[in-house]
Structures are given as structure tokens and as C-alpha cells.
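The structure under discussion appears below in the form of C-alpha cells.
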2 protein chains.
Amino acid sequence: MSDLAAALDIIGARWGMLIVERLLEGPQRYGDLQRDLGVPTNILTTRLRELETAGVLHRLPLHHNTRAYALTERGLALREAITALGRWGAGEV
Amino acid sequence: MSDLAAALDIIGARWGMLIVERLLEGPQRYGDLQRDLGVPTNILTTRLRELETAGVLHRLPLHHNTRAYALTERGLALREAITALGRWGAGEV
DNA sequence: GCCCACACTTGCAAAATGCAAGTGTGGACG
DNA sequence: CGTCCACACTTGCATTTTGCAAGTGTGGGC
């Protein structure tokens with residue numbers, strides 16, 4: 001499997017990159033991601049778990065049943081790739 | 001819709017980026033892409049049509065019923081984003 | 001005329017996605 | 001103490017996408 005395919009295996013699924021993009025702005029709570037991205041709640045749970053398993057993000061507990069999701073170093077390393085894609089999408093390339 | 005979402009709408013579907021990555025190496029024929037990527041043949045047809053419609057690639061006829069697919073300028077502009085993702089996938093980031 | 005490579009198309013099963021409604025937990029409020 | 005509410009999910013089911021496998025059509029070579 002090529003390097004690109006390996007990357008897509010981790011963040012290639014629908015919503016994966018959008019979640020990471022949002023987290024690049026700082027830690028977010030579940031509800032924030034849900035409302036801001038409009039991602040279905042069950043999918044969000046699935047993706048967050050996948051991304052956590054892949055070491056892209058981790059949970060940080062806030063209060064009782066409230067937590068935030070923040071990127072790990074590996075997750076933050078996606079910044080370059082994601083901004084490049086974003087600029088392409090904006091037609092500035 | 002954010003710029004990233006716009007980009008993913010075009011090349012975010014499964015196999016989309018892998019096809020573009022392959023075409024960055026030069027024009028390829030249908031059979032080449034099929035064998036090299038291992039993508040199902042019906043999906044390949046669908047993706048190529050979508051990418052052509054989106055202006056990422058175009059067909060160039062070779063012989064009778066043989067043609068090659070080549071990136072347009074817009075498609076070539078994806079190089080930066082795709083190599084960035086590839087490097088991330090390789091763990092070099 | 002027969003065969004083959006190439007580029008698809010078609011049919012159907014499996015998996016992913018999405019919507020909507022429900023669950024559980026702990027703090028706030030009275 | 002009891003009720004209410006926000007938050008983070010979970011569950012059930014319909015829709016859509018993906019994938020496999022087999023078939024179609026076309027033009028050139030022999």
C-alpha cells in the first residue's frame with residue numbers, strides 16, 4: 001500500500017479530514033463538532049474513535065460527562081496537507 | 001461549505017486521490033490504472049467521469065477504442081496537497 | 001472469419017452513511 | 001429529595017455507496 005493510501009486509510013473516510021481541520025483551531029467538544037460540521041452524531045462517534053485509535057487525536061476530560069477532543073502531534077502534522085487541500089478547493093492554486 | 005469540504009467533494013470519494021496520484025506520474029490508460037491501483041472497474045469508470053466533469057483530468061484518444069487519462073492544470077495543482085498527505089502517511093512528518 | 005485486448009456495463013450483495021429517536025449520567029435548581 | 005436539563009453518546013432502520021463477478025461491444029491482427 002502506498003503512503004497516500006495509508007494516509008487515506010486513516011483520514012480518508014467521510015468527515016475525517018473535516019474533523020481534523022476543525023481541531024486544528026484548538027480542542028473542541030463533541031457538541032461543538034456536531035453543530036459546526038453538521039455531521040451525523042453516530043458517524044461522529046465512529047470517526048472520533050477511529051482517529052483516536054490511529055493516534056491522531058486524544059480525549060481530554062473536562063467535567064463529569066464532558067470531554068474535549070484535541071489533536072496529538074501526529075494530528076497536528078496534518079496541518080500542511082489540509083491547508084494545501086483547502087487552498088486547492090478555494091481555487092487559489 | 002468550507003474550502004476543504006469543496007475540495008473533498010471533488011477528490012474526497014474513495015479512490016479519487018489515488019487516481020490523481022497515479023496520473024501525476026503522467027497520462028495513464030484505463031487498464032493501467034485498474035491493474036496498478038486494484039480499483040474495481042465500475043468504480044474506476046465512475047471516478048474518471050466525475051474527475052473529468054470536475055475539470056481535474058481529461059481524456060486523450062490514442063487509437064480506436066483506446067484512450068489515456070491525463071491531468072489538467074487544475075489536476076496538476078493537486079500535487080502539493082497529495083505529496084503532503086503522502087509524506088504524512090509515510091510517517092515522515 | 002476468429003480471436004484477443006481494451007474499455008467499459010450490468011446485476012446483485014455487502015458495507016458505509018445518514019436520519020431520528022432513545023439512553024444514561026451528573027450537576028443545577030427548587 | 002425530586003425534577004429538569006445539557007451533554008455525549010447508542011440504537012434501529014432506510015438510503016447510498018462500494019465492491020465483486022460476469023457480460024458487452026469494438027476494432028485490429030492473423
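Lettering of chains follows the sequences in order, A, B, ..., and the numbering in each one begins at 1.
The interatomic distance linking Leu44(B) (CG) with dA7(C) (C1') rounds to 10 Å, in whole Å. Spacing between atom CG of Leu62(A) and atom P of dA6(D) amounts to 18 Å, rounded to whole angstrom units. In this structure, Arg14(A) places its CZ atom 10 Å from C1' of dT16(D), rounding to the nearest Å. When the P atom of dG27(C) is taken as reference, atom CZ of Arg67(A) falls 14 Å away, rounded to whole Å.
With distances taken from any side-chain atom of Arg59(A) to the nucleotides dA21(D), dC9(D), dT18(D), the minimum falls on dC9(D). Counting only heavy atoms from C-beta on, Thr45(A) has its side chain closest to dT10(D) among dT10(D), dT9(C), dA16(C). The nucleotide whose nearest atom lies closest to any side-chain atom of Thr41(A) is, among dT18(D), dA20(C), dC8(C), dA20(C). Distances from the side chain of Asn42(A) to the nucleotides dG19(D), dC19(C), dA7(C) place dC19(C) closest. Nearest nucleotide to the side chain of Arg49(A), out of dC20(D), dT10(D), dT17(C): dT10(D). Comparing dG18(C), dC7(D), dA7(C) against the side chain of Thr66(B) picks out dA7(C) as the nearest.
With DNA chain C read from its 5' end, the first of the two nearest nucleotides for Tyr69(B) and Glu50(A) is the one closest to Tyr69(B).
Listed by residue number, the members of residues 20-37 of chain B with any heavy atom below 4.0 angstrom from DNA chain C are Arg29(B), Tyr30(B), Gly31(B).
More than 12 non-hydrogen atoms from other residues, nucleotides or ligands lie less than 6.0 angstrom from CD of Glu25(A).
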